[in-house]
Amino acid sequence: MNDIRVRFAPSPTGYLHVGGARTALFNWLFARHHGGSFILRIEDTDVERSTEESARQIIQSLTWLGIDWDEGPLKGGDYGPYFQSERLSLYREYSQKLLDEGKAYLCFCTQEELAREREEARKQGRPPRYSGRCRDLSLEERERCLEEGRRPVIRLMVPRQGTTVVSDLIRGEVSFENKVFDDFIIVKSDGMPTYNFACVVDDSTMKISHVIRAEEHLSNTPKQMMLYRALGFSLPKFAHVPMILAPDRSKLSKRHGATSVEEFREQGYLPEVIVNYLALLGWSPGDNREIMGIDEIITEFSLDRVSKTAAVYDTKKLTWLNAHYIRETAVDDLIKTALPFLEKEGILREPVPDSTYQKLRDAVEAVQDRVKTVAEIPHAVSYFFSDDFEYEEKGVNKHFKKEGVADLLRAARERLAEVEPFDLETTEKAYRALIAERGIKGGQLIHPTRVALTGRTFGPGLFDVMVILGKERTLERLDRAIKMIEKL
RNA sequence: GCCCCCAUCGUCUAGCGGCCUAGGAUGCCGCCCUCUCACGGCGGUGACAGGGGUUCGAAUCCCCUUGGGGGUACCA
């Protein structure tokens, strides 16, 4: 492992959504490509919104995706702890240092005062920036405020002149006039560090070499650079990856349906599909490859092939990719991932006995290229496991209400009764013979039979269905359908 | 309001001055295969936001406009 160190630093305030997952993935790919370290750090300094449950959830989602970390929660490492809430003494140490060196100061303004000032400034068309009033507080004034029990925040003294230039690996040089920034808060009145401060202290003390994060942080970067300078830390390299937008081009949020990794999992998407798809959102290998295995992506990944344009994620393409992977997956592996779904839908219970497993295997194989998600499998195979199904109305109208269908099915039933062994070849031969004798089109017999056996007008090849069901159940279902048709 | 970023088919993208009458994928449409539905194969639809420059030559470089996104919090 070399000295390339990157991190993913989510705040545990909700599920891991596709944007976060993509950021995590790019960091991870970068680390794996270069043989560096990938660190997971939990940014739980927002006491109000952070939850342990959310942290657990994020960790679970990352694990499911196969994004593993070299240092972080559950794993440890030489630069821990990896929860910011456990690093408070570190932030205290550095904020005190800034205070001692006169690079930061205590501010006693209340949130109400500040809000009022902002409002005032907005009305007058001035930028809503903090005035810097408390910079010049006298020692006495400070003492008095402290004695009154006011809880100050700590602000960084920001240079009023000059320019801060961010050197971004993806966007090139981006410059900011220092005067657009105010003396921003680095420690809140509850003693917790703000994002910009904790982030800098941690990235530096954790020896992060490349800060790869979403573009929404680009505007924060000059502030962080000011902190690096004030603290005497050396700068990491920055790379701001484009955002992922919801289909309506707005920022991703809860109201956009399935945006969390967890939801995609529940909907029957495969982790390797999410990874493949996400890798292609904002990055491409440079040629026309789209279906790429994880190892392939790792060897090809490079930051200079990351685009600058925000991407809208499109579940249509995700679904296509998922269907493709499902087709390519070995049946036994597919069954393994489908089992929880099958169980949930009451199709079967674990442990699956050998005899059932064989049937399950045949059934899954039969529907494998007909489903787009694993979650569709239970419904697709349900009639193989339950005799108790309804006939589709469309099928009844179209195929059961035809003249002479009952008679035709009766004839078919008699032929099939004599078929031995009952396999693909023999069943089809029997049917073809009957079709020829009657001088009808294949579909005229095959369609009503399918409705009789499955209740549906679509599905796997009819003879596959017969063989998987077995002779006995095939005949039973034909009998049942004939009876039903006669009552129509 | 101010600051920053971005701009190729509906969507994801290739393109880094001539190879572009702009390539691939997905979606959609049609045809073929076929017992249905899928799969697969073939074909079609569809984009350089607009305007100025620079250049022998611009999707590619520069400027403006427009549009989209982000930031501007005691959120991260």
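Quantities reported herein were computed from a predicted structural model and do not represent experimental measurements. A note on names: the letters A, B, ... follow the listed sequences, proteins ahead of strands, and every chain is numbered from 1.
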Answer for the Watson-Crick or wobble partner of B:rC42, both distances under 3.5 Å, is B:rG30
Would one find a side-chain N or O of [X] under 4.0 angstrom from OP1 or OP2 of [N]?
X      : N      : answer
A:R305 : B:rG15 : yes
A:K251 : B:rG71 : yes
A:R289 : B:rA14 : no
A:T457 : B:rU36 : no
A:T319 : B:rU26 : no
A:K188 : B:rC75 : yes

Between [N] and [M], how far apart are the two [atom1] atoms, rounded to whole Å?
N      : M      : atom1 : result
B:rG50 : B:rG67 : P     : 15 Å
B:rU60 : B:rG15 : C1'   : 8 Å
B:rC19 : B:rA59 : P     : 9 Å

Quick one: do [X] and [Y] make a salt bridge, cutoff under 4.0 Å?
X      : Y      : answer
A:R305 : A:E300 : no
A:R438 : A:D407 : yes
A:D46  : A:R49  : yes

Begin with the C-alpha distance, continue with both residues' side-chain angles, and end with the deciding distance and a verdict on side chain to side chain contact (heavy atoms under 4.5 Å, CB included) for A:M206 and A:R41.
CA-CA 10 Å; A:M206 290 181 173; A:R41 178 175 80 222; 3.6 Å; yes
Taking the nucleotide of RNA chain B with the nearest heavy atom to each, does A:P127 or A:G461 sit closer to the 5' end?
A:P127
I want to verify a distance call: between B:rG1, B:rU8, B:rU26, whose nearest atom is closest to the A:D314 side chain?
B:rU26
From B:rC4, B:rA76, B:rC12, nucleotide with atom closest to A:N220 side chain:
B:rA76
Take atom CD of A:E215 and atom P of B:rG69, then tell me their distance rounded to the nearest Å.
12 Å
Using atom CD1 of A:I170 as one end and atom C1' of B:rC5 as the other, report the distance to the nearest whole Å.
12 Å
Ring centres under 6.0 angstrom apart (A:Y195, A:H217)
yes
What's A:R171 touching, base or sugar-phosphate or nothing? Going by heavy atoms closer than 4.0 Å.
sugar-phosphate
A:R327 (side chain) and B:rC39 (base): donor-acceptor pair under 3.5 Å
no
When only distance counts, do a donor and an acceptor, one from the side chain of A:R370 and one from the base of B:rC37, lie under 3.5 Å apart?
yes
